[in-house]
Amino acid sequence: MALWGGRFTEGPDQRFKDYNDSLKFDYRLALEDIEGSICWADAICEAGVLDKEECENLKNALKELYAEIKDDIHKIAGAGDEDIHSYVERRLIEKVGSLGKKLHTGRSRNDQVALDLKLWCLKACCRVRNAILNLQKELVKVAKENQGALFPGYTHLQRAQPVTFSHWILAYVQMFERDYKRLGNTLDLLSTCPLGSAALAGTAYNIDRDKLARALGFKEATANSLDAVSDRDHVMELLSDASISMVHLSRLAEDLIIYNSGEAHFVELSDKVTSGSSLMPQKKNPDALELIRGKCGRVVGALTGMMVTCKALPLAYDKDLQEDKERLFDAMDTWEDSLYMASLVFEGIKLNKEAAENAAKGGYSNATELADYLVSKGIPFREAHSIVGRVVLYAISMQKPLEAMSVEEFKQFNAVIGDDVYPCLQLENIIARRDIKGGTAPLQTAKEIALWEDLLAKR
Ligand code: ARG
């Protein structure tokens with residue numbers, strides 16, 4: 001049963017129907033559609049459209065329908081109705097007869113779908129925030145278990161300066177914290193209720209829209225009906241939040257893929273998140289991480305697609321907007337799954353301390369310390385930099401690290417270098433010296449871990 005047809009003399013072409021119908025994906029809005037309808041019944045009852053008994057009957061039937069479908073809304077997808085709004089209305093009329101036909105008074109599918117989708121976004125935001133929280137907790141746990149473990153720090157993928165493994169992990173906790181907060185901003189901005197905007201001009205019935213908004217969990221009603229039915233900023237924002245976070249996840253994945261490689265072997269991934277090769281029996285591939293990295297493209301694609309759909313769209317509602325859902329659903333699912341997959345990777349990760357420490361020691365990553373040492377002896381930094389450059393060149397030619405050079409060898413480059421240079425070149429000391437807010441010193445990391453544990457436990 002279509003929700004329209006009076007002014008048509010012919011039915012739709014089947015190919016058009018297949019192209020136009022959205023139930024196959026907007027069934028996911030079923031519960032939100034019913035929640036909105038229950039509040040709408042109350043609103044039009046107060047406006048005098050329904051009497052109390054009619055309102056109760058309608059609400060009871062809607063609640064019954066809610067209970068019937070809530071455990072398996074996927075079943076609705078193939079019901080054959082045009083969209084989720086048509087499905088709910090048909091089922092309602094089957095339950096209460098022509099009373100069901102009164103519910104759509106003063107409402108349009110345009111404000112209805114805008115509402116349903118916002119309600120869905122609210123719930124999706126909460127789901128993803130939980131997934132972020134879960135990942136942050138897992139990361140902090142691994143950071144705590146490995147406190148003080150040395151790790152090579154890179155710039156340009158060249159060993160630069162030593163850091164700790166925990167410091168590296170906590171960098172990602174920061175990124176995911178921004179993702180968490182970004183979702184908070186999105187939630188804040190989307191908290192206006194479009195219901196009562198009707199098709200585009202506002203409903204003609206005397207409804208308390210702010211009260212309706214609050215009943216549905218929003219802060220207030222939207223302020224302009226044309227904007228309300230055509231606004232999909234929250235979809236673009238969520239897709240943008242998802243894209244940024246997937247970029248973070250892809251960086252995490254890439255770092256770990258490199259650290260897990262046979263050449264580096266700083267970490268080992270568990271069997272639970274890796275897979276083998278059908279041909280090469282020795283292989284253990286980091287598939288979970290590669291998929292996280294790969295799925296980033298899919299989510300960024302959804303954002304791009306949505307922006308292009310909305311570009312130059314005339315006010316108010318246009319059917320183009322139906323294209324908002326599939327990509328939003330897919331992107332949010334992908335984001336949530338990827339966050340949980342990253343948590344799973346960290347659940348079973350093993351740090352290979354020796355390999356990481358050896359790598360941190362190599363690559364002349366203590367060269368900056370030697371320059372700082374010269375500075376402490378009164379040599380201007382620029383000059384010290386150039387002296388150390390020559391020392392490194394020499395050490396490379398001798399195939400040894402700086403700390404293996406004798407004082408006599410050092411003195412060829414500058415006479416101020418004495419025995420006291422060796423402690424400066426030691427990894428543990430290098431790390432401990434970065435004892436300022438944001439630095440890699442274990443004291444700082446321990447403080448940060450305690451702060452995170454506290455904050456995340458309260459969330
Ligand atoms: N399925 C539609 C959508 O997702 C619902 C709104 C339809 N409105 C209309 N005037 N045809 O956007």
Side-chain angles (χ1 to χ4, degrees), residues 1-8 10-37 40 69 73-74 76-92 101 103-124 190 193-204 216 222 225-239 302 305-333:
M1 182 197 64
L3 297 178
W4 42 269
R7 64 100 65 222
F8 289 78
E10 254 189 294
D13 189 290
Q14 187 58 40
R15 284 164 300 182
F16 166 68
K17 192 171 152 45
D18 293 343
Y19 193 66
N20 184 54
D21 286 3
S22 53
L23 186 63
K24 51 189 173 287
F25 50 85
D26 70 11
Y27 74 87
R28 288 189 68 171
L29 301 175
L31 302 181
E32 291 74 19
D33 198 73
I34 298 175
E35 284 158 20
S37 293
W40 184 245
I69 63 171
I73 56 170
H74 187 262
I76 302 170
D81 304 85
E82 181 183 335
D83 55 24
I84 188 58
H85 325 295
S86 318
Y87 170 85
V88 171
E89 193 166 319
R90 172 174 67 76
R91 294 288 313 272
L92 186 64
K101 298 180 182 171
L103 181 64
H104 208 54
T105 314
R107 185 174 68 166
S108 157
R109 278 185 294 168
N110 298 351
D111 57 347
Q112 193 177 354
V113 75
L115 168 73
D116 294 359
L117 197 61
K118 273 194 167 179
L119 287 174
W120 190 92
C121 286
L122 284 170
K123 293 181 196 167
L190 77 75
C193 178
L195 201 58
S197 301
L200 74 164
T203 190
L216 282 161
T222 49
S225 59
L226 290 169
D227 177 43
V229 293
S230 61
D231 169 26
R232 295 293 183 275
D233 286 5
H234 40 287
V235 176
M236 289 185 272
E237 278 209 67
L238 266 184
L239 291 175
M306 187 63 197
M307 301 285 265
V308 177
T309 292
C310 291
K311 181 200 168 286
L313 201 65
L315 280 181
Y317 177 85
D318 303 277
K319 200 57 171 277
D320 313 45
L321 288 175
Q322 181 166 286
E323 286 294 306
D324 57 2
K325 290 171 204 62
E326 282 165 290
R327 51 170 71 111
L328 176 69
F329 296 157
D330 182 73
M332 296 303 280
D333 289 348

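Just so you know, ligand 1 is whichever comes first in the structure, and atom 1 is the first atom listed for that ligand.
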Any non-hydrogen side-chain atom of Leu328 less than 4.5 Å from a side-chain atom of Met306?
no
With a 3.5 Å cut-off and sequence neighbours excluded, list the donor-acceptor pairs that the side chains of residues 314-323 form with protein atoms.
residue : atom : partner : partner atom : Å
Lys319  : NZ   : Asn20   : OD1          : 2.8
Gln322  : OE1  : Ser22   : OG           : 3.4
Gln322  : NE2  : Asn20   : O            : 2.9

Ligand-protein N/O pairs under 3.5 Å (ligand 1):
residue  : atom   : partner : partner atom : Å
ligand 1 : 1 (N)  : Ser22   : OG           : 3.1
ligand 1 : 1 (N)  : Gln322  : OE1          : 2.7
ligand 1 : 4 (O)  : Lys325  : NZ           : 2.5
ligand 1 : 8 (N)  : Asn110  : OD1          : 3.0
ligand 1 : 10 (N) : Asn110  : OD1          : 3.1
ligand 1 : 12 (O) : Tyr317  : OH           : 2.4

Would you call Glu35 and Lys123 a salt bridge, taking side-chain N to carboxylate O under 4.0 Å as the test?
yes
Hey, are Asp116 and Arg109 close enough for a salt bridge, meaning a charged N less than 4.0 Å from a carboxylate O?
no
Go through it in stages, so that I can follow the logic: the residues are Lys325 and Asp26, the test is salt bridge (Lys or Arg N to Asp or Glu O under 4.0 Å), and I'd like the CA-CA distance, side-chain angles, deciding distance and then a yes or no.
CA-CA 7 Å; Lys325 290 171 204 62; Asp26 70 11; 5.5 Å; no
Could you measure the distance from the NE2 atom of His85 to the CD atom of Gln112? Nearest 0.5 Å is fine.
5.5 Å
